[in-house]
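Let me begin by presenting the structure, written as structure tokens, before commenting on it.
Remember, it's 1-based here, ligands and their atoms both numbered in the order they're listed.
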Amino acid sequence: MAEINRIVILTGAGISAESGIDTFRSAGGLWEQHKVEDVATPEGFARDPDLVLGFYDMRREALAKVEPNPAHRALAKLEAEFAGEFLLVTQNVDDLHERGGSRQVLHMHGELKSALCTSCEIRSPWDDTMANRPPCPVCQAPTLRPDVVWFGEMPYQMERIYGALGSADLFVSIGTSGAVYPAAGFVQEARQSGAQTLELNLEPSEGTHFFHEARHGPAGELVPRWVD
Ligand code: BV8
């Protein structure tokens, strides 16, 4: 990648699919098992906190049983070897990028293994269950929620992301349907800044026409081949 100096990568649920993590919108995916408004909105949490805490407990438990796949490891290799600026933004709340060797991961939708206390508003590392209302490790109040960004909530570090998109010369989107904003709009931001844009996905995403190039197939095959 001689002429490329600044890379921004966006990943979605598809990069973790071959590790055995359910995606959201593929057949049998997470959203088929649950209505989004019931488990991924503040209103759903207010209405039935036990349902929501149980949904995220189930996903956190599933995460402990799976491993990163070659796509995660290829991105870690690229981060280690690339001499320019490199930003990995993920919509995923799993820790497979980190377990695959990535050192800097920007979780714009939060993380399953983090808890947010709605009383003291402090985040704590978390890999236990929450449905039994454990005390916040900081203020001891029984008011933990998953530290994930629900629909209608502002994703994390948006200024940093838009700053990187504004100066990127390569934007690569991996394993995302392009169904959720603002992440789905990143390709347009990158194009406006003159970046080359590449989609690596099992099938054409909703925004595939915005990309200069699109390659379709499993991330576990496409990403290592692209990195090498
Ligand atoms: C916000 C929570 C505003 C954690 C999630 C325009 C602009 C801004 C907002 C909006 C807008 N229009 C509408 C909105 C509102 C909304 C939205 O986008 N709605 C959609 C449904 C239309 N957006 C929001 O609410 C966002 N917040 O805008 O706030 C604001 C402003 C000011 C102040 C306050 C607020 C928040 C969005 C975040 C919601 N939280 N997750 C969790 O439970 O995980 S979103 C959820 O969907 C996940 O995070 C997931 O990452 C995300 C996107 O899904 P994908 O990752 O793409 O997964 P999906 O299953 O859809 O697709 C998988 C893809 O992989 C498929 O294409 C498949 O083909 C492919 N694949 C499968 N297997 C493989 C593969 N690819 C390669 N290899 C394989 N093996």
**Study point:** Lys/Arg-Asp/Glu bridge criterion (N-O < 4.0 Å) met for Asp38, Arg47
**Key:** yes
Practice item. Please report which non-hydrogen protein atom sits nearest to atom 69 (O) of ligand 1, along with the residue it belongs to and the distance in Å to one decimal place. Key: Glu203 OE2, 2.7 Å
Review point. If you count the atoms of ligand 1 from 1 in the order shown, which ones are under 4.0 Å from a heavy atom of Trp150?
Key: 36 (C), 39 (C)
Exercise for review: Check ligand 1 against Pro218 and write out every atom of the ligand that is under 4.0 Å from a heavy-atom position of the residue.
Suggested key: 78 (N)
**Study point:** Derivation and outcome, side-chain contact (heavy atoms from CB on, under 4.5 Å), residues Phe86 and Ile9
**Key:** CA-CA 8 Å; Phe86 180 90; Ile9 309 256; 3.9 Å; yes
Review point. How far is atom 17 (C) of ligand 1 from its nearest protein heavy atom, and which residue and atom name does that atom have?
Key: Tyr181 N, 3.9 Å
Exercise for review: Using atom types as modelled and distance alone, determine if a side-chain donor or acceptor of His109 lies under 3.5 Å from a backbone N or O of Val149.
Suggested key: no
Check your understanding: Between the side chains of Glu199 and His216, does any donor sit under 3.5 Å from an acceptor?
Key -> yes
Exercise for review: Could you find the nearest protein heavy atom to atom 20 (C) of ligand 1 and give me its residue, atom name and distance?
Suggested key: Ala179 O, 3.4 Å
Exercise for review: Please indicate whether any nitrogen or oxygen in Ala13 is less than 3.5 Å from any nitrogen or oxygen in ligand 1.
Suggested key: yes
Practice item. Measure the distance from atom 59 (P) of ligand 1 to every protein heavy atom, then report the residue, atom name and distance (to 0.1 Å) of the closest one. Key: Arg25 NH1, 3.5 Å
Review point. Any non-hydrogen protein atom below 4.0 Å of atom 15 (C) of ligand 1?
Key: no
Review point. Do NZ/NE/NH1/NH2 and the carboxylate oxygens of Arg59 and Asp22 come within less than 4.0 Å?
Key: no
Practice item. Could you check atom 70 (C) of ligand 1 against the protein and tell me its nearest heavy-atom contact, residue, atom and distance included? Key: Asn201 OD1, 3.4 Å
Point to revise | Atoms in ligand 1 flagged as close to Val180, the criterion being non-hydrogen separation under 4.0 Å | key: 18 (O), 37 (C), 47 (O), 52 (C), 53 (C)
Review point. Is the shortest side-chain N to carboxylate O distance from Arg99 to Asp94 below 4.0 Å?
Key: no
Revision key, fill the gap. For Glu18, the ligand 1 atoms with a heavy-atom partner under 4.0 Å come out as 78 (N), 79 (C), 80 (N)
Revision key, fill the gap. closest protein heavy atom to atom 79 (C) of ligand 1 is Gly14 O, 3.4 Å
Review point. More than 12 non-hydrogen atoms from neighbouring residues, nucleotides or ligands closer than 6.0 Å to CD on Glu213, yes or no?
Key: yes
Check your understanding: Short question: side chain of Asn69, backbone of Ile15 - any donor-acceptor pair under 3.5 Å?
Key -> yes
Revision key, fill the gap. When distances are taken from atom 39 (C) of ligand 1, the protein heavy atom at minimum range is Val149 O, 3.4 Å
Review point. For atom 42 (C) of ligand 1, which of Glu206, Arg59, His109, Glu111 has the closest heavy atom?
Key: Arg59
Point to revise | Ligand-residue contact atoms, ligand 1 with Ala219, heavy atoms, under 4.0 Å | key: 77 (C), 78 (N), 79 (C)
Check your understanding: Touching ligand 1 at all, Gly217? Heavy atoms, strictly under 4.0 Å?
Key -> yes
Exercise for review: Would you confirm whether Arg191, through its side chain, and Phe210, through its main-chain N or O, come within 3.5 Å as a donor-acceptor pair?
Suggested key: yes
Check your understanding: Of the listed options (His107, Met154, His34, Met108), which comes nearest to atom 31 (C) of ligand 1 when hydrogens are ignored and any heavy atom counts?
Key -> Met154
**Study point:** Nearest non-hydrogen protein atom, atom 3 (C) of ligand 1
**Key:** Glu153 O, 4.4 Å
Check your understanding: Step by step, would you call Lys77 with Asp228 a side-chain contact (heavy atoms from CB on, under 4.5 Å)?
Key -> CA-CA 9 Å; Lys77 176 172 177 280; Asp228 289 341; 2.9 Å; yes
Practice item. Please test Glu98 against Lys113 for side-chain contact (heavy atoms from CB on, under 4.5 Å), starting from the C-alpha separation and ending with a verdict. Key: CA-CA 12 Å; Glu98 290 87 346; Lys113 298 179 82 170; over 6 Å; no
Revision key, fill the gap. If we number the atoms of ligand 1 from 1 as shown, the ones under 4.0 Å from a heavy atom of Gly175 are 63 (C), 64 (C), 65 (O), 76 (N)
Exercise for review: Report yes if Ala17 has an N/O atom closer than 3.5 Å to an N/O atom of ligand 1; otherwise report no.
Suggested key: no
Exercise for review: Kindly determine whether Phe55 and Asp48 satisfy side-chain contact (heavy atoms from CB on, under 4.5 Å), including the steps that lead there.
Suggested key: CA-CA 11 Å; Phe55 174 64; Asp48 189 345; over 6 Å; no
Exercise for review: Using distance alone, decide if ligand 1 has a nitrogen or oxygen within less than 3.5 Å of any nitrogen or oxygen in Gly152.
Suggested key: yes
Point to revise | Parallel, tilted or perpendicular: ring planes of Trp150 versus Tyr56, cut at 30 and 60 degrees | key: tilted
Practice item. Please could you name the atoms of ligand 1 that Gly12 approaches to less than 4.0 Å, counting only its heavy atoms? Key: 56 (O)
